[in-house]
Amino acid sequence: MKRNLIKTFFLDLTYFLLLTIILILTKIKINEFLARLQTYGSQLNIININQNTQETQSLLSQISSLTNKAYVFLFIVVPLIIFILYIIFQGLTFKREKFSFKNFILTNLVPFIFLTLALFLFNTYLFILFIITSYLAFVLYFYNLKKLKIALTKVYKLFPFYLIYIVLSILITGFFYLSYTRIYISTDFIWIFLFGILLNLLFSYYKIYLIKSLD
């Protein structure tokens with residue numbers, strides 16, 4: 001138990017720290033995109049559109065290209081990196097007898113797609129589909145596909161387990177990210193970061209408990 005907890009804790013800690021770093025770098029990159037768009041906007045305001053048609057078209061083309069790059073980066077590259085990190089580090093924490101990384105990938109792929117689309121389109125229905133599919137994926141962490149009906153028959157028991165798993169994940173990421181925003185205030189940074197680590201330990205213990213209880 002102790003050995004499993006230590007291994008799970010460090011795998012979870014690595015995952016959440018890398019996830020936080022990706023979110024920080026994503027925010028920095030988005031700010032760069034916005035700054036460049038503002039520069040292009042300022043240039044468009046200066047140009048006389050009627051007299052400088054070719055230059056205007058060139059700027060519009062650059063704006064369109066930059067916007068496309070921003071969308072690809074934000075809604076394809078970043079989610080893909082996060083998905084890979086999740087599969088590797090969370091997969092290792094759930095790895096046990098009869099565990100298959102292939103099945104783990106397929107199980108989590110649909111919820112990740114729905115979450116990405118929901119954020120991209122700001123669509124409530126897609127977010128609901130994410131909740132449903134991620135709940136089913138969570139159940140498949142502990143049961144095989146033949147027992148998936150248990151997700152409905154024991155929803156009163158399994159859905160609260162799922163919610164705790166999700167909430168703890170969000171809180172850990174949130175506290176690590178918040179600690180970054182307070183990095184220049186040493187006292188705040190240390191306490192917030194340590195609380196994130198404490199939540200990480202709780203999360204790891206919780207997963208071990210679920211694996212032993214639900215398997």
K.L.:
Can we call the ring centroids of Tyr206 and Phe203 under 6.0 Å apart?
P.N.:
no
K.L.:
With sequence neighbours left out, what residues match Lys29 under salt bridge (charged side-chain N to carboxylate O under 4.0 Å, His left out)?
P.N.:
Glu32
K.L.:
If you round to the nearest 0.5 Å, how far is CG of Asn200 from OH of Tyr15?
P.N.:
11.5 Å
K.L.:
So, taking the atom named CZ in Phe101 and the one named OG1 in Thr107, what distance separates them when rounded to the nearest 0.5 Å?
P.N.:
12.5 Å
K.L.:
Suppose the criterion is salt bridge (charged side-chain N to carboxylate O under 4.0 Å, His left out): which pairs have a residue in residues 123-150, not counting sequence neighbours?
P.N.:
none
K.L.:
Classify the ring geometry between Tyr71 and Phe75 as parallel (under 30°), tilted (30 to 60°) or perpendicular (over 60°).
P.N.:
parallel
K.L.:
Who are the side-chain contact (heavy atoms from CB on, under 4.5 Å) partners of Leu136, not counting sequence neighbours?
P.N.:
Ile132, Leu148, Ala151
K.L.:
Quick one: list whatever passes side-chain contact (heavy atoms from CB on, under 4.5 Å) with Thr26, sequence neighbours left out.
P.N.:
Ile22, Ile30, Phe73, Leu74, Val78
K.L.:
Under 4.5 Å between side-chain heavy atoms, counting indirect links through other Ile/Leu/Val/Met/Phe/Trp/Tyr residues: same cluster for Ile6 and Leu11 or not?
P.N.:
yes
K.L.:
Please round to the nearest 0.5 Å and tell me the distance separating atom CZ of Phe10 and atom CG of Leu17.
P.N.:
11.0 Å
K.L.:
Are the side chain of Asn108 and the backbone N or O of Phe104 linked by a donor-acceptor pair below 3.5 Å?
P.N.:
yes
K.L.:
In residues 173-185, what donor-acceptor pairs under 3.5 Å come from side-chain atoms, sequence neighbours left out?
P.N.:
| from | atom 1 | to | atom 2 | distance (Å) |
| --- | --- | --- | --- | --- |
| Thr173 | OG1 | Ser169 | O | 2.9 |
| Ser179 | OG | Phe176 | O | 2.5 |
| Thr181 | OG1 | Leu178 | O | 2.5 |

K.L.:
How far does CD1 of Ile197 sit from CD1 of Ile192, to the nearest 0.5 angstrom?
P.N.:
12.5 Å
K.L.:
For the atom pair CD1 (Ile76) and CG (Leu80), what is the distance rounded to the nearest 0.5 Å?
P.N.:
9.0 Å
K.L.:
So, using ring-ring contact (aromatic ring centres under 6.0 Å, His included) as the criterion, who are the partners of Phe33 when residues are at least two apart?
P.N.:
none
K.L.:
Identify all side-chain donor-acceptor contacts of residues 113-128 below 3.5 Å with residues at least two apart in sequence or on another chain.
P.N.:
| from | atom 1 | to | atom 2 | distance (Å) |
| --- | --- | --- | --- | --- |
| Thr116 | OG1 | Phe112 | O | 2.9 |
| Asn123 | OD1 | Tyr125 | N | 2.8 |
| Asn123 | OD1 | Leu126 | N | 3.0 |

K.L.:
Looking at Ser61, is its backbone amide N or carbonyl O close enough to the side chain of Ser65 to form a donor-acceptor pair, meaning the two atoms are under 3.5 Å apart?
P.N.:
no
K.L.:
Who pairs with Lys157 by side-chain contact (heavy atoms from CB on, under 4.5 Å), at least two apart in sequence or on another chain?
P.N.:
Phe161, Leu214
K.L.:
Under the rule for side-chain contact (heavy atoms from CB on, under 4.5 Å), what residues qualify as partners of Asn68, not counting sequence neighbours?
P.N.:
Ser64
K.L.:
Do you reckon Leu145 sits in the same ILVMFWY cluster as Val139, going by side-chain contacts under 4.5 Å, direct or chained?
P.N.:
yes
K.L.:
Show every donor-acceptor pair shorter than 3.5 Å between a side-chain atom in residues 81-95 and any protein atom, with sequence neighbours excluded, or say none if there are none.
P.N.:
| from | atom 1 | to | atom 2 | distance (Å) |
| --- | --- | --- | --- | --- |
| Tyr86 | OH | Tyr141 | OH | 2.7 |
| Tyr86 | OH | Tyr165 | OH | 2.9 |
| Gln90 | OE1 | Lys207 | NZ | 2.7 |
| Gln90 | NE2 | Asp12 | OD1 | 2.9 |
| Thr93 | OG1 | Gln90 | O | 2.7 |
| Thr93 | OG1 | Lys207 | NZ | 2.7 |

